[in-house]
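The shown structure was predicted, so the numbers you read here are calculated from the model rather than taken from an experiment. Numbers restart at 1 for each chain; the letters A, B, ... are given by sequence-line order, proteins then strands. Side-chain atoms are counted along with the backbone in the values below, which use heavy atoms only and exclude waters and symmetry mates.
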2 protein chains.
Amino acid sequence: MALQYMKKTNTSDRSSIEIEDSDVRFSDNFSSQDPSLELSTAEIEIIKYFVHLTKALGLPKSIGEIYGLLFCSPKSLTIPEIMKHLNISKGSTSQGLRFLGNINAINISKKIGIRSDFYSAEVSLRKLLNGFLDEQIEPHLKNGHKRISEISEVVDGLTSEKKNFLKDRVKTIQTWNNKGHDLIPLLVEIVGSK
Amino acid sequence: MALQYMKKTNTSDRSSIEIEDSDVRFSDNFSSQDPSLELSTAEIEIIKYFVHLTKALGLPKSIGEIYGLLFCSPKSLTIPEIMKHLNISKGSTSQGLRFLGNINAINISKKIGIRSDFYSAEVSLRKLLNGFLDEQIEPHLKNGHKRISEISEVVDGLTSEKKNFLKDRVKTIQTWNNKGHDLIPLLVEIVGSK
DNA sequence: AACAAAGGTCAAGAATTTTTGAAAATAATT
DNA sequence: AATTATTTTCAAAAATTCTTGACCTTTGTT
């Protein structure tokens, strides 16, 4: 569950965040690996922070792990390195990097004489926010706009006594969608103002 | 998957939204019910819109169904009515309403002489946004703040050459968190104006 | 006080999403 | 063009999340 939708109504004041990060793969079965790949407690905690964040956004843990690892790394890393550091599969690594690439949360570079791609974390909040909004939110709004138009037509064809009520409701959703749309560039300006 | 994290990189320009709403329970097995409970195509489409939205937010379908139904209803409804209209279980209905209640997306009222609670959709964008941010986002930021402080202490205790690099990174996360925190009231003002 | 209707709880099952890893595709080198 | 390193794909397994419904509590009625 990405967002907390099961909050108890009467359970005193228990901490309101529900995501558990008890079982972090790499902290469990990592000791027997090449020590040069070992992550410090500090790094593990930072990675957990990003896992928490991605889970809150409804995204898989592996994405938070990958971004977190890159965020902690002064030098850019290759796919095999990421896999070994985090002890995750090639598939997860590849898909996670694709997602992060799509939202411009990582930078990809090459080094002369080395075939692999090198990945590093993008840390500009403006770029991160912009990528996330453009790739993840704006398509939803665009799609929503289309859907609402279709709904509007269906409602216009109604003859029941509910027609006017529903017309009004459709107008409400339309307004919401427009506001959301207008908000995107504003958000980038406000939050991303360096 | 709440947000699209599997977008193909090279699949021409296929529509970027991935959520399917092919199987909407109540449109499938609803015809054999009491006709007074029957939903029109328009209503079903509006409910699908909200299902789509809740899925995009990483929330269960039932929550979108319940909110959508209430949104389409000129009069407030009881739990048994909601269950029958949507053909969902008591558990889902109860939990869904609790979630919606927590974020102030619904209003609960009583009618004299009737035991049941009556539920209706809150349609003020300001209230909806405020409730969602306060109940779902702000606790995450608060928790994040705590986590970052803890991480900061761990990093301060470091002696490795990475210490300064990680200190800098922690500072970056701190800034992000603060900006997010400052943004909440601003968002409500901007979007919820009127 | 017994009954009935409404609402809540939560373990188990169903449905969905994520991860894995073998196989295919791509790209660089000899 | 054959070889090898790197990356992508995708079906199946694993993990997680959602829904159900039997049981329990609460509230109001007779």
According to the interplanar angle, ranging from 0 to 90°, do the rings of H52(B) and H140(A) count as parallel (below 30°), tilted (30 to 60°) or perpendicular (above 60°)? perpendicular
Looking at dT19(C), I'd like to know if its phosphate oxygens (OP1 or OP2) sit under 4.0 Å from a side-chain N or O belonging to S62(A). yes
Side chain of K61(A) only, please: which of dT19(D), dG7(C), dT19(C) is the nearest? dT19(C)
Grab the CD1-P distance between I82(A) and dT20(C) for me, whole Å please. 14 Å
Please report, rounded to the nearest Å, how far the C1' atom of dA6(C) is from the CG atom of L77(B). 15 Å
Do the ring planes of Y67(B) and W176(A) sit parallel (below 30°), tilted (30 to 60°) or perpendicular (above 60°)? tilted
In whole angstroms, how far is the C1' atom of dC10(D) from the CD atom of Q95(A)? 9 Å
Salt bridge or not between R147(A) and E150(A)? Use side-chain N to carboxylate O under 4.0 Å. no
Could you state the CZ-C1' distance from R115(A) to dT29(C), rounded to the nearest angstrom? 6 Å
Nearest listed nucleotide, side chain of D117(B), among dG7(C), dT20(C), dT8(D): dG7(C)
With a distance cut-off below 6.0 Å to the six-membered ring centre and an angular limit of 45° from the axis, does K111(A) pair with F118(A) as a cation-pi contact? yes
Just to be sure I understand the rule, does S116(B) reach a base, reach only the sugar-phosphate, or reach nothing, if contact means heavy atoms closer than 4.0 Å? sugar-phosphate
OP1, OP2 of dT7(D) versus side-chain N and O of S94(A): anything below 4.0 Å? no
More 5' along DNA chain D: I114(B) or I79(A), using each one's nearest nucleotide? I79(A)
Separation of I88(B) atom CD1 from dG7(C) atom P, in whole Å? 14 Å
Whichever of K90(B) and K110(A) has the more 5' nearest nucleotide on DNA chain C, that residue is K90(B)
Comparing G91(A) and G91(B) on DNA chain D - which has the more 5′ nearest nucleotide: G91(A)
For Y119(B) and dG8(C), what is the distance between atoms OH and C1' respectively, to the nearest whole Å? 10 Å
Between L77(B) and I82(B), which heavy-atom pair has the shortest distance, and what is it? CB-CG1, 4.1 Å
Taken to the nearest whole Å, NZ/K55(B) to P/dT17(C) is 5 Å
Tell me: CD1 of I63(A) to P of dA15(D), nearest whole Å? 19 Å
